[in-house]
Participant: 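Pasting a structure below so you can have a look.
Reminder, nothing fancy here: chain letters follow the sequence lines and each chain counts from 1.
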Amino acid sequence: MAANLMEPAFTTSRAGELTRLALSGDWTVAAGRTLEKQAAALGAAAQGAQRVAFDFANIGKLDTAGAWVIDAARQKMAAQSASENLSPDMATLMHAVGWRDFNAGRAPPPPQSALYDSFVDVGESVVEAGHDAYTGVAFLGETVASLSRAVLHPAKFRLTSLVYHMENFGLRSTPIILLINFLVGGIVAQQGIFQLRYFGAETFAVDLIGILILRELGVLLTSIMIAGRSGSAIAAELGSMKMREEIDALKVMGMRPMDVLVTPRVLALILVMPLLNFLADMAAIFGGMVVSWIYAGLSPDAFLSRLQVAIGLNTFMVGMIKAPFMAMVIGVIGAMEGLAVEGSAESLGRQVTSSVVKSIFMVILVDGLFAIFFASIDY
Amino acid sequence: MTRQAPIDPATTEALIRVRDLVVGFGDRLILRGLDLDVYRGEVLGFVGGSGQGKSVLTRTILGLTPKRSGTIELFGRNLDAVSQNERRALERRCGVMFQQGALFSGLTVKQNVQAPMREYLDISPRLMDELALLKIELVGLKRDAADKFPSELSGGMIKRAALARALALDPDLVFLDEPTSGLDPIGAAEFDELIQTLQRTLCLTVFMVTHDLDSLYSICDRIAALADGKVIAAGPLATMLASDYPWLRAYFHGKRARAIAPPAEV
């Protein structure tokens with residue numbers, strides 16, 4: 001198409017007070033900036049003329065853009081103007097595409113200072129954060145209410161859905177959770193051995209591994225992985241259902257989205273998280289055992305007997321107690337962000353991202369609160 | 001409404017020429033040796049039962065669905081024989097309006113119309129703004145709809161916005177997939193009229209998949225009917241009414257068709 005394109009052009013001839021602009025070539029948008037330049041030149045050529053005639057006899061092609069710029073040039077002229085030799089097709093086009101000022105009567109918004117804008121931004125963020133906290137608590141309450149309904153009326157509970165989500169969130173994330181925890185257990189062991197070797201206390205690396213993994217790392221890594229894997233899935237699923245009015249369809253059928261969609265997912269997470277946490281702990285300790293064997297020559301037997309001395313049941317329980325709370329945090333945030341999706345694909349992406357960021361942040365915050373709590377009760 | 005002179009297949013250039021097209025999914029054949037011509041300057045209405053493959057044909061012509069065999073010529077060029085660049089140039093001359101609009105949900109109506117312009121045109125931002133607003137006005141949307149997002153539009157406005165985007169690059173050939181579906185009868189009639197007006201002013205060739213008998217009666221120059229994977233009849237409305245193919249009889253002589261008074265001369 002570009003090959004056989006003729007550049008838009010025109011010639012000017014003056015006869016008395018009449019200026020005749022004879023247009024030629026293709027006045028189409030494919031000409032790009034040339035089209036705009038030629039249109040500007042039309043205005044310049046007619047400067048000072050009393051009457052202007054546009055001659056369309058030799059014009060090649062004309063599209064809406066061409067018609068628009070020609071008519072814009074014509075209407076902005078001071079002189080009287082007329083069009084000649086228009087073919088019927090072009091006349092229809094010129095009539096339909098008559099130039100009009102789209103900006104007439106629309107004053108641009110008054111400029112604000114950067115300082116003002118930044119104050120507005122800060123204020124809006126604070127209000128939004130407060131609003132987030134409020135809706136978060138409200139949503140948590142709704143979830144708890146829905147969970148208790150499920151407990152009170154177990155017959156109406158959606159067991160199939162629960163099992164399906166447990167498989168998705170639990171069984172299918174087992175391999176990756178085993179793998180990363182095995183690696184992290186190994187890494188902690190290696191660093192522990194290297195640093196404690198200076199003091200000739202290599203065997204205390206076992207204490208480090210056992211306590212650090214069981215109390216903190218196992219549950220944290222599992223939660224972060226699940227937030228990224230399952231929390232985002234919850235947000236995306238509910239979000240796209242919201243976009244396609246499926247949530248509204250549920251509501252008008254008299255089903256509560258809370259009961260049908262949110263509770264099975266949150267409950268599934270609450271049930272599988274301790275299981276995953278247990279597997280994570282075992283994998284990490286196994287990783288630590290392998291690395292201790294390689295780097296410190298500590299046989300598995302010696303490792304296990306040392307571990308028995310180093311940890312108690314409470315060490316293990318500290319991690320396990322936290323797991324269902326982490327699951328609750330991840331599930332509630334994922335569902336809340338998913339249900340906050342609006343019409344656009346962009347908003348879906350934004351909410352999914354925000355669900356992951358918020359749940360990882362909250363997981364770490366909750367972990368910190370638990371650390372303070374356990375320290376104060378000396379557990 | 002005055003009709004233009006009927007299209008004479010012998011003298012008019014065919015913008016789309018499909019020959020012996022076979023398309024299938026798995027072991028199921030949807031189109032089995034389909035032939036179709038769309039001539040310059042006409043409005044072709046394409047009808048067929050649900051699931052017969054109307055959308056598949058449109059998607060195959062546009063290159064979205066692969067074909068098993070057969071040839072498709074667009075603007076006289078065989079699509080199998082053209083280079084990537086040439087193919088893109090041909091695609092630029094086609095505008096497509098999808099059934100659900102397929103507007104980009106993260107962009108306003110104006111940005112949607114400008115999306116193909118930004119990609120292909122070298123013009124000043126000011127002219128681009130003006131052209132986008134012009135297209136939006138041409139399809140009958142108000143000036144303030146330009147800054148709305150698709151989720152804020154009604155069904156009819158989405159159709160119009162999608163049409164404005166299809167017209168963004170001043171295409172020669174426009175594909176419309178069920179343009180009047182989901183519109184009320186008055187809105188549908190207005191949309192028909194809009195398509196006809198635009199077709200005249202912008203010298204468009206229109207390939208329109210439709211179920212709307214009113215559209216077929218009022219704006220289509222020719223109709224092609226799809227059944228059993230082939231075009232079973234193509235021609236003006238009179239040909240359709242005269243055909244005794246069972247599906248066509250049911251379609252054009254059924255209860256819903258009777259509610260519409262066919263033009264007196266037919």
Participant: Would you say that A/Leu35 contacts B/Ile123 through its side chain, given a criterion of any heavy-atom pair below 4.5 Å between the two side chains?
Facilitator: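 Sidechains of B/Ile123 and A/Leu35: no contact.
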
Participant: If you measure from CG on B/Asp172 to NZ on A/Lys61, what distance do you get to the nearest 0.5 Å?
Facilitator: 7.5 Å

Participant: Flag yes if more than 12 heavy atoms outside A/Arg229 fall under 6.0 Å of its CZ atom; otherwise flag no.
Facilitator: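 Yes - once you tally the heavy atoms of other residues, nucleotides and ligands closer than 6.0 Å, there are more than 12.
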
Participant: Could you go through A/Val29 and B/Tyr120, starting from their C-alpha distance and side-chain angles, then the distance that decides it, and tell me whether this counts as side chain to side chain contact (heavy atoms under 4.5 Å, CB included)?
Facilitator: CA-CA 10 Å; A/Val29 75; B/Tyr120 289 116; over 6 Å; no

Participant: How close do A/Ala345 and B/Ser105 get, heavy atom to heavy atom, and via which atoms?
Facilitator: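 In this case the closest contact between A/Ala345 and B/Ser105 is N-OG, 2.7 Å.
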
Participant: Quick one: what part of B/Glu86 sits under 4.5 Å from any heavy atom of chain A, side chain, backbone, both or neither?
Facilitator: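 Neither part, no heavy atoms under 4.5 Å.
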
Participant: Which atoms of B/Leu134 come close to chain A, meaning under 4.5 Å heavy atom to heavy atom: side chain ones, backbone ones, both, or neither?
Facilitator: both

Participant: With distance as the sole test, does A/Glu36 use its side chain to make a donor-acceptor pair with the main-chain N or O of B/Ser124 at under 3.5 Å?
Facilitator: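 It does hold such a pair.
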
Participant: Sort out for me which of A/Asp63, A/Leu62, A/Thr64, A/Thr34 touches chain B most, counting heavy-atom pairs under 4.5 Å.
Facilitator: A/Thr64

Participant: Tell me, side chain or backbone of B/Thr201 under 4.5 Å from chain A's heavy atoms, or both, or neither?
Facilitator: both

